[in-house]
Amino acid sequence: MKAAELIQALSDAGRTPKQTILRSIQESGKRPVGCFPIYLPEEIIYAAGLLPVGLWGGKTSMTEVDRYIQGFCCSIMRADMELALRGAYNFLEAIVIPTYCDSMKSLLANWGIAVKTPKTLAYIIPQNRYSSGSLDFILYQNEALRTSLSEITGRPITEADLEDAFQLYEQYRAAMRRFVAMVNDYPVSLNPVNRHLVMKAAWFMDKKVYTEKLNTLMDALLKEPKETETGPRVIPTGLMVEPVKLLEAFRENHFVFVEDDLAQESRQFRTPSRTTGTVMEKLAYRLMDLRGDTFFYEENKSRGSRLIEAVKQHKADGVVVCMYKFCDPEEFDYPIYKKELEEAHVPILYLEIDPQMDSVEQLRTRIQSFAEMLNK
Amino acid sequence: MFLGIDIGSSSSKTVLIDREGAILGSEVVNIGTGTNGVDLALDRLLKKTNVQKERILYRVVTGYGRMTYQEADKQITEISCHAKGVAALYPKARTIVDIGGQDAKAIQLDANGAVENFIMNEKCAAGTGRFFEVMARVLNCNLEELANLAATTTEYVPISSICTVFAESEVISQLAGGASLAAVARGAHVSVAKRVCGLVKRIRVRPDVVMTGGVALNQAMANCLSQELELPVVVLESPQTVGALGAAIFAKECYEKKL
């Protein structure tokens, strides 16, 4: 198959989450487990012989959720609970919900009385990742998850299961890093829309199947001549960039996402795993080693300096801030890295995004204006 | 001749300039995107200037309705066009506050008049022309009368609701409680000024500050904004057509680049 066809196939998979998950269930014979944002040790779920799938909200009318989560709370959490209340997640075997922010903690507290099925597993994140007890705490959470999943499947998760899953995810994470870097050589084929949808598909597919498909896609693309694009070279930062209409506005203005600092994308796989220790320890250290992330306490916040470094490395024209309504941690982070970017003379495009919006016209104006401002 | 068209949410504007950049005429029709406002504004401009359509060498369209207007050679955003128009009319400008029918923008200019940074309001009517329309309806007057009422007093009732819909209820309560029409009208102006000031301060405010857009026709609003910013606010002679003028200048530049 040609690269364009492979890109189209994975983009279609990313564009239609439910159909992709159902197809993955059929092909793999595995039972699905929903994973709430942002970071979960998916390897443990995979090692249990289950299919981890991402639950990142989506566009839906909000008729049920107001009883449990107010309108001024995180739009992704609201969408996830709305979908759960409507029974959209009933086909899942279980849902794992971590506690990365206040909205998630509150949602988890209310979830038990609001949502009866499927079974919910909590994954508690330590506030402090650097104390001597942090590793023990995360290891305890990982073991608790392992036990809960074993109870669901009725079989233990062995060390060999964990090792196999860990190695597969290492290959997946390496493929994703390679894909993100390839955008610089193929910015037209991997425009912001295709780039996002191809990566999004990973959340709904068996990682073994997805990694093979992604590697095939990249090998096919490498056989084609390199491409150039005329628009601004930028680094998006934030939770994610959606809806697709918004990404289309970037594509129309010929933007290139030379790298990203998005929770749904590169923050998932940019931190290399340690090479020593047990699998559970490596999974714990990956959380502990992640830097420049909104949802983890970091005494000397490194997000701004990381962005500046990435701008220099890629000769980027600017940073696009994707601020989802109403993400408190991201909102509080913004003034700090904004100041650093301004001092480094890095142009910033600030987009406030409501995933439920029907029209992106005003955001389209901002995106086009930014391109005009940069003379692109 | 070069034509600039600005299709806003509540009005359509056209400006025609000649090869030397001199303004031949401008026209404003108070209906915006999705209506025949743009056709009316163009027809009237051509009649007024006695110019045949065929003599127009290049057209640039801007504004909220720019994406759906098919007859232009190029579309450019209102951010760039307002900056271009203001830089031509008032080169000392470093900050532009543009308040239109449904959005408010602050634009920072460099010494050459190029856009250095910008910010737009969130998707909300507060701090825009729409807020005044709602207030005028509550007070049973038109926009001009609302502005005149506000200019008669410095006393005002505070309108604390950020949401326009809640603010409408708040004003009705104030009126029921005996507040004067003038104090409510002034309160509406102060409320918009505070809201816009908050927006403008998210980018650096540097003098001279120029106000554009339809709301700039309201002198009471310009005064309230000046007080909130603690800086003089310059209102250009025809603030509504600045975006269309910028579009016309872009049209001339694009045409000359092509030659």
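Everything numeric in this text was worked out from a predicted model, so none of it was measured. Sequence lines set the chain letters: A, B, ... in the order given, protein chains first and strands last, and positions in each chain run from 1. Heavy-atom basis, side chains included; hydrogens, waters and symmetry copies ignored.
- Only the side chain of Leu349(A) comes within contact range of chain B, with heavy atoms under 4.5 Å apart.
- Scanning all heavy atoms of the two residues, the minimum distance from Ile348(A) to Asn117(B) falls at O-OD1, 4.3 Å.
- Atom CD1 of Ile107(B) and atom CE of Met373(A) lie 11.5 Å apart (nearest 0.5 Å).
- The number of heavy-atom neighbours closer than 6.0 Å to NZ of Lys74(B), taken from other residues, nucleotides and ligands shown, is 12 or below.
- When all heavy atoms of Gln362(A) and Asn121(B) are compared, the closest pair comes out as NE2-O, 3.0 Å.
- The two residues Arg202(B) and Tyr350(A) make their nearest non-hydrogen contact at NH2-CE2, 3.6 Å.
- With a 4.5 angstrom heavy-atom cutoff, Arg66(B) touches chain A only via side-chain atoms.
- The environment of Glu230(B) atom CD is sparse: at most 12 non-hydrogen atoms of other residues, nucleotides or ligands sit within 6.0 angstrom.
- Listed here is the closest heavy atom pair of Ile76(B) and Gln368(A): CA-NE2, 3.8 Å.
- The structure places OG of Ser369(A) at 7.0 Å from CE of Met120(B), a figure rounded to the nearest 0.5 Å.
- To the nearest 0.5 angstrom, Glu361(A) atom CD is 12.0 Å from Asp103(B) atom CG.
- Summarising the local packing, NZ of Lys312(A) is surrounded by 12 or fewer heavy atoms from other residues, nucleotides or ligands at distances under 6.0 Å.
- Proximity to chain A (any heavy atom under 4.5 Å) is restricted, for Glu116(B), to the backbone atoms N, CA, C and O.
- Side-chain contact check for Arg364(A) versus Met67(B): some heavy-atom pair is nearer than 4.5 Å.
- Residues Thr77(B) and Glu372(A) share a closest heavy-atom pair of OG1-OE1, 2.6 Å.
- No more than 12 heavy atoms of other residues, nucleotides or ligands shown are found within 6.0 angstrom of CZ on Arg204(B).
- Proximity to chain A is absent for every atom of Ile119(B), based on heavy atoms less than 4.5 angstrom apart.
- Within the 4.5 Å cutoff, the side chain of Val115(B) has no heavy atoms near those of the Phe370(A) side chain.
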